[in-house]
Participant: 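Questions regarding the structure given below will be posed in turn.
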Amino acid sequence: MINIMFAGNYKVYDGMLIASLSILKHCKEPITAYILTMDLTEKNPEFKPISSENVARLDALYKEVNKDSCVKVIDVKDVFWAKLKDSPNNENFYTPYTLLRLLAEDIKEIPDKVLYMDTDVVANGNIAELYNVDVEKYELAGVRDYYGKFFFYPRYLNAGVLLFNMKKIRETHMLTKAVDLLRRKKVFLSDQTAINKYTKKKLILKSRFNEQKNLREDTVIRHFSMTLKFFPKFKKQNIKPWHVDQVHDILGIHQFDDILDRWQEIIAEDKKASEAKSKKSTEVKGKASKSTKSTNAKGKSKSTKTASKTGKVEPNKNANKKKEVK
């Protein structure tokens, strides 16, 4: 069994779907996909969890490839509320959901070994090759960050693809230390920097397991992380897999077209099904409303006829009061 982990709210469904389709294209082994999510609409109306319909769709896709695969949703709000509710890192370029990977140590459902991936990755090969890397002596394995290895230090990892040895982490409490830091202090590139700071036993992997800039023949995972352009003038470039035209025209990547075509088909199918469901629901409510009105009308008519037959007349209460005064 291969264990993988995603995190996010309802807005990352597109990325999660694309990533899953690409993973399933290359890997036929049974997979358990854990999704960490939560409802934080009291902080922001957009912070809604991934929907049960989307989860059901993902689960069906995994089971199509291998009947023993499944998708499991874990609501981490209670843990987040207890650990990071007031963290100064909740308000930055990223949403609070980027911090959820740090809570894995406190979630008993997460197994001893799990491959965490951001939702802007696309598999170009079999992730089993990455998952089967021996990390028994390490807390985690990852690839050096494309820019961090220059701007920070040579062994600075990118946190978008990490193979966690949760058994080891629960001994060293590496993630707990990272959470404690972010609870107290605002940190640049919060989760990534905190993980790098407290990981003492890390295995550096080849870039092909988390390729952040290029796509090569032996690339296993292409990570569409933010890139920097220095010429002719400095700018940030944040192209994601679902930005299909930019993936084609700017990045010149067409190798994932079959995945992106299938993603668009599924989105269209789901939209059509949702509209049909909504229409049916409206029709049912309309019929129920008509039925209620008809029943009420019949009831009033029956009541009037009964009163007419018995000859009973409603007493005039005001008249009685006048008699009592006299």
Side-chain angles (χ1 to χ4, degrees), residues 6-9 11-23 26 89 91-101 115-125 127 130 140-163 186-197 199 202 204-260 263-264:
F6 296 113
N9 63 348
K11 282 193 169 183
V12 303
Y13 173 63
D14 283 322
M16 214 175 283
L17 177 55
I18 293 170
S20 295
L21 288 170
S22 66
I23 289 168
H26 300 284
N89 298 283
E91 305 294 334
N92 56 30
F93 177 77
Y94 302 99
T95 71
Y97 294 87
T98 193
L99 303 178
L100 298 190
R101 75 197 80 180
L115 175 60
Y116 170 81
M117 289 173 286
D118 280 348
T119 54
D120 57 353
V121 303
V122 182
N124 188 58
I127 64 165
L130 170 54
L140 56 78
V143 173
R144 295 189 301 164
D145 187 76
Y146 186 82
Y147 298 105
K149 63 187 176 186
F150 299 115
F151 297 147
F152 294 102
Y153 47 87
R155 290 171 62 82
Y156 185 87
L157 299 180
N158 178 277
V161 179
L162 293 171
L163 182 59
K186 193 170 184 66
V187 178
F188 179 63
L189 296 176
S190 55
D191 55 297
Q192 182 165 281
T193 297
I195 287 173
N196 275 280
K197 180 179 177 65
T199 302
K202 65 175 110 176
I204 306 295
L205 301 173
K206 293 180 179 179
S207 62
R208 69 193 191 91
F209 290 113
N210 179 6
E211 184 58 70
Q212 301 149 52
K213 192 171 176 62
N214 301 305
L215 178 61
R216 310 176 200 279
E217 190 175 338
D218 67 344
T219 298
V220 176
I221 294 177
R222 174 60 162 95
H223 184 188
F224 288 77
S225 55
M226 184 183 293
T227 57
L228 305 177
K229 295 294 179 182
F230 297 95
F231 302 102
K233 63 179 181 179
F234 177 82
K235 69 174 182 177
K236 296 177 180 178
Q237 184 172 277
N238 201 23
I239 300 173
K240 300 303 180 185
W242 50 92
H243 301 149
V244 180
D245 290 340
Q246 294 179 62
V247 169
H248 289 161
D249 301 337
I250 298 176
L251 299 181
I253 294 176
H254 294 269
Q255 291 90 326
F256 303 133
D257 283 0
D258 58 333
I259 298 297
L260 297 177
W263 159 65
Q264 290 176 323

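Start at 1 with the first residue, then count along the sequence. Hydrogens, waters and symmetry mates are skipped; everything else that's a heavy atom, side chains included, is used.
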Participant: Side-chain donor-acceptor pair under 3.5 Å between H248 and D257, yes or no?
Facilitator: yes
Participant: Between D118 and H223 (side chain of the first, backbone of the second, donor and acceptor by atom type, cut-off under 3.5 Å), is there such a pair?
Facilitator: no
Participant: Under a 3.5 Å distance rule, please check whether N158 uses its side chain to pair with a backbone N or O of V143 as donor and acceptor.
Facilitator: no
Participant: Any side-chain heavy atom of N124 sitting closer than 4.5 Å to one from F256?
Facilitator: yes
Participant: Side chain of Q212, backbone of R144: donor and acceptor closer than 3.5 Å?
Facilitator: yes
Participant: For the residue pair F151 and F230, does the interplanar ring angle fall in the parallel (under 30°), tilted (30 to 60°) or perpendicular (over 60°) class?
Facilitator: perpendicular
Participant: Under the 6.0 Å and 45° cation-pi test, does R155 pair with Y153?
Facilitator: no
Participant: Checking the side chain of T199 only, and the main-chain atoms of N196 only, is there a donor and an acceptor separated by less than 3.5 Å?
Facilitator: no
Participant: Looking at L228, is its backbone amide N or carbonyl O close enough to the side chain of Y147 to form a donor-acceptor pair, meaning the two atoms are under 3.5 Å apart?
Facilitator: yes
Participant: Considering residues, nucleotides and ligands other than F234, do more than 12 of their heavy atoms fall under 6.0 Å from its CZ?
Facilitator: yes
Participant: Donor-acceptor check, side chain of R222 to backbone of N214, threshold 3.5 angstrom: yes or no?
Facilitator: yes
Participant: Do we see a donor-acceptor contact under 3.5 Å between the side chains of Y156 and T193?
Facilitator: yes
